[in-house]
Amino acid sequence: MTIVHTEGIFSHEVSVCKCPGSDPNDWHLDLLHQRLFQASISKPKTAFTFDVPDHFLIDALECKTSAMSFYQKLKRFTNNAFPERVPVEELMRVSRLWRDLKHRKWFGFGHDAGKDPGDGGLSLFCPACPQPGLNLPADWKVWSDRDTVMRQYVIDGNFTAQHMKMNKPELDVALSDGKGYMVSEGPYQNHLQQSLDSKERSTCSNHRAINAANINKSNLRSTGIGATAGARHGCFVPHSVVGFQKGERYMNTDYSICNALGYGSERITKALVIYDVGCQWSVNFWSRVKNSPSLHLPPALEIVPAVGKFHLAAHKLSFFPRYSLNFVKGAGHLDGEILETLWAPFNKISPTARSMTQAHRQEVYDDHMRDSNWKKLVGLVPSLLKKYKTSNKCLEEMNQAYEQLTAVLDPDKVSGWELDALRAEADRGDALDIYLLKGHKGRSSPTFHEVQIQLMKNPMTPFGSGGSVAWLAEGISIEDSQDQLRSKLQQLPNPMSTSQEVKISVKRQRLSARIEKFHSNGQAFFKGLEINGAFTPQDDPEFCGKEEEKEGEEDREFWGEDDGYWEVPGEEVEELASELMSIWMPSSIGSAKLTELGLVDLLKEERELRIGQANDCLDQLRTDLGNKATLYQQNFWTANSTREGTRTKKEIQKVVARINKHVRGYQRARQAILRLDPNVDMAEKYQEILPNDLAVSKEVTEENRFGQGTSKLAWFWMMEGELSQLSLQGGGLMEEFYRINWLKARARRDRWKEEVSLVRHEMLWTCLWFEYHKDMWEKRALQLTGPG
């Protein structure tokens, strides 16, 4: 007899037991007692040690080793020089028998051989998913709301898992058809014959899931597979994996979803179904179920369709709030893309399974899905602990961001938005459109000059004489002029043209005259103090981009309307350029020296002016950031022509230039404030602005983007104080900007709050699942009457 072992293939003489009482016809049982699994029953000539099929199954699951490769390894162990001389090729058939016997034993059917496993009876499912009668308390309907015990599924297709047509399908023998994760072949084929093939194209986006439905390959029996899995932990749902014949059609996915929704979900009345094309699939789903005799759903079941966060970005913007997981009550924190990660190991075995028989391919896929769920099961406890820590931390951060934003908003407006959010959660559908930005393309945004005029109407309260306030205001104005000239120089080429050099020379000469006059007038306020160690102003290079302005536009603003005539200056420009000269102001000296000299009033005056300057810059910065976001959302992304897109791009460049200008002005004001009042509270109120803080608000420009679970606004959107309070009278862009951010901040907080609650429940459900199976196996042990 040929004996196959993990170390090689050997030939041994084997004699049949002829002891008194032995039956020669049962000698295959003697081989089993010796841990030898025979290749046939009646007259076996080949036997495998139990270690061989065990090793092969683990190699197939972990290393994706095919039967041919594994057997070639055994042949080389036996005869590395001439492996082709080694006989025996029964490994594939023996491994199928071994796999089926082991699974029936593991799932308890070896103890009750007369009981049929039924659909999905040889499969594992998620211990943390709610399953009435299995891991839910007897009174779960009393203390659990329907959102908490909601089933959460994700469905997706894999077009790599193709299957070729068989030459002799009548010779195919199924050992566990429908007992695992793939559906029973007979009822599924009947369903396909009874279903209507509706060739519909997606009205949302050109997704492969729908538009590939018309693809047909004559040499393939199946163009791929579709599976339904738990959205929270990624466990495949038993008896819900289907094959595709002509791409991913609704007749395929409907069968998978209905089987999944009916598995272990008795008395659960709500389910979340996440599908890449959920927006299109859900439109006629109920009518398809009603018209099909093979599709069945639990009674009184409410289905909430959604789209995974990664795929949702490719859908129409109007579909975003209606199918986003961010706005599904009870969903917790989900991305809806976990099934994408599960396909990676299956893609490695697809080439091998492509040419298998239907039954063998079904068993191989069942085995890998069962192993995937087993790994999820054994790693569930540390996974839940990690989720619990993460969700608590994120809940604290999102709740803090929500409360900070709420604190600076009009309570009446917030109350109205709260009612809108509650109504949207209850009604869904069109009510969820509150999460979309309202407005029309072409609506004019407030310009910098309009905002500047409005801010200049705010009176300031000086502590000293009016002359000193005017002198300090002139110093701040000179700093702004220097900043403007430095910015202008960065735009010019090197070397400059003659005309450009003339204009710059005139500007430098006039700016130098202003600085000299300013210092001369300041002697009266500094009481003859000589200031040494003057510093050269430095701009942050992060905020010194080119400003793309019309020639002369900023010049008129800076020099006045009557300064349009240029002439060459009569004198050479000073060695130190006027835009680099230091301005002698109280902040140049510092609070300690000013207090010592008795210039406290002057210190207070500049500090208040600088605070007003910082507030103005921040207010203008918020406005222009809102303008920039709106330009991207309403004009740039929706431009119908290259000309329109170019014009909008230039408008955005102008807004970016103003944003950088506001930041540089704020930085100068902040540095002066901290020198005049080195107070910790002041430093906390007026924080440093980083480049990341100036990113376009994606709540406005990319409302359907992926990755919104932990987004929050920069600090200057949530400042305390009168100047940072929203002026919401009459609505407008800023009200809409804050409304969208507040609604999404609230949704993020609620989803993380639900996540914490769900993880706590999942910990309980997992413990009850293990207790249930412990009791079940103890009962089997007590019922055992013989060896086995």
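The structure displayed is predicted, hence computed values, not measured ones.
In the model, Asn373 has a side-chain atom that pairs as donor or acceptor with a side-chain atom of Tyr181 under 3.5 Å. Counting only N and O atoms by type, the side chains of Ser256 and Ser240 include no donor and acceptor under 3.5 Å apart. Checking His163 against Ser222 by side-chain atom types alone, no donor-acceptor pair falls below 3.5 Å. In the model, His55 has no side-chain atom that pairs as donor or acceptor with a side-chain atom of Thr6 under 3.5 Å. Thr357 and Asp172 share a donor-acceptor pair across their side chains, judged by distance under 3.5 Å alone.
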**Request:** Mind running salt bridge (Lys or Arg N to Asp or Glu O under 4.0 Å) on Arg232 and Glu762 for me, showing each step along the way?
**Result:** CA-CA 10 Å; Arg232 292 192 56 80; Glu762 288 171 345; 2.4 Å; yes

**side chain to side chain contact (heavy atoms under 4.5 Å, CB included) assessment of Trp140 paired with Arg267** = CA-CA 10 Å; Trp140 68 272; Arg267 294 189 295 166; 3.2 Å; yes

**Request:** Start with the C-alpha distance between Asn252 and Gln245, add both sets of side-chain angles, then the distance that settles side-chain hydrogen bond (donor to acceptor under 3.5 Å, both in side chains), and finish with yes or no.
**Result:** CA-CA 9 Å; Asn252 307 123; Gln245 294 73 41; 3.0 Å; yes

**Request:** Apply the test side chain to side chain contact (heavy atoms under 4.5 Å, CB included) to residues Tyr275 and Thr253: give CA-CA distance (whole Å), side-chain angles for both, the deciding distance (0.1 Å), then the verdict.
**Result:** CA-CA 10 Å; Tyr275 189 17; Thr253 55; 3.3 Å; yes

**Request:** Show your reasoning for whether salt bridge (Lys or Arg N to Asp or Glu O under 4.0 Å) applies to Arg370 and Glu363.
**Result:** CA-CA 10 Å; Arg370 188 182 297 108; Glu363 293 163 12; over 6 Å; no

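The cationic group of Arg288 does not satisfy the cation-pi geometry with Phe285, failing either the under 6.0 Å distance to the six-membered ring centre or the 45° limit from the ring axis. With a 6.0 Å cutoff to the six-membered ring centre and a 45° limit on the axis angle, Arg760 does not count as a cation-pi contact of Tyr388.
Comment: Asp100 engages Arg104 in a salt bridge, judged by a side-chain N to carboxylate O separation of less than 4.0 angstrom. Between Arg221 and Glu185, at least one side-chain N (NZ, or NE/NH1/NH2) sits under 4.0 Å from a carboxylate O, which counts as a salt bridge. Here Glu62 pairs with Lys375 in a salt bridge; the nearest charged N to carboxylate O distance falls below 4.0 Å.
Expressed to the nearest 0.5 Å, how far CG of Leu101 lies from CG of Leu175 amounts to 9.0 Å. With values rounded to the nearest 0.5 angstrom, Glu340 atom CD is found 9.0 Å from Asn158 atom CG. Rounded to the nearest 0.5 angstrom, Arg93 CZ and His360 NE2 are separated by 12.5 Å. Note that the CD1 atom of Ile155 and the CD1 atom of Ile274 stand 11.5 Å from one another [nearest 0.5 Å]. Leu136 contributes atom CG, which lies 8.5 Å from atom CG of Leu764 (distance to the nearest 0.5 angstrom).
Side-chain contact between Val94 and Leu97: absent, with no pair of heavy atoms (C-beta onward) separated by less than 4.5 Å. A 4.5 Å side-chain heavy-atom check between Thr766 and Trp769 finds every atom pair outside the cut-off. Ile257 places none of its side-chain heavy atoms less than 4.5 Å from the side chain of Leu297. A 4.5 Å side-chain heavy-atom check between Tyr365 and Ile349 finds at least one atom pair inside the cut-off. Taking 4.5 Å as the limit, every side-chain heavy atom of Val4 sits out of range of all side-chain heavy atoms of Phe10. Phe125 has its side chain within reach of Val237: a pair of non-hydrogen atoms, C-beta onward, lies under 4.5 Å apart. Using a 4.5 Å heavy-atom cutoff, the side chains of Arg361 and Met182 are in contact.
The distance between the ring centers of Tyr188 and Tyr255 falls below 6.0 angstrom. Close placement of the Phe244 and Phe159 rings is indicated, their centers lying within 6.0 Å of each other. Between Phe56 and Trp98, the ring centre distance reaches or exceeds 6.0 Å. Ring-centre distance between Trp777 and His773: not below the 6.0 Å cut-off.
A 6.0 Å sphere centred on CZ of Arg76 holds no more than 12 heavy atoms belonging to other residues, nucleotides or ligands. Around CD of Gln194, the count of heavy atoms belonging to other residues, nucleotides or ligands within 6.0 Å exceeds 12. Counting heavy atoms of neighbouring residues, nucleotides and ligands inside a 6.0 Å radius, atom CE of Met68 does not exceed 12 of them. No more than 12 heavy atoms of other residues, nucleotides or ligands lie within 6.0 Å of CH2 in Trp374, so this atom counts as exposed by the packing criterion.
Listed for the Ser66 side chain is no donor-acceptor partner under 3.5 Å among the backbone atoms of Thr352. Distance alone, capped at 3.5 Å, is enough to place a donor-acceptor pair between the Glu337 side chain and the His311 backbone. Judged by distance alone, with hydrogens and angles left aside, the side-chain atoms of Ser195 form a donor-acceptor pair with the main-chain N or O of His191 at under 3.5 Å. With Lys270 contributing its side chain and Arg151 its backbone, the two residues share no donor-acceptor pair below 3.5 Å.
Taking the six-membered ring for Trp and thresholds of 30 and 60 degrees, Phe236 and Trp343 have ring planes inclined between 30 and 60 degrees apart. Between His103 and Phe107, the angle of the ring planes goes over 60°, which puts this pair in the perpendicular group of the 30/60° scheme.
Among Asp366, Asp116, Asp119, the one residue that satisfies the salt bridge (Lys or Arg N to Asp or Glu O under 4.0 Å) test with Lys179 is Asp116.
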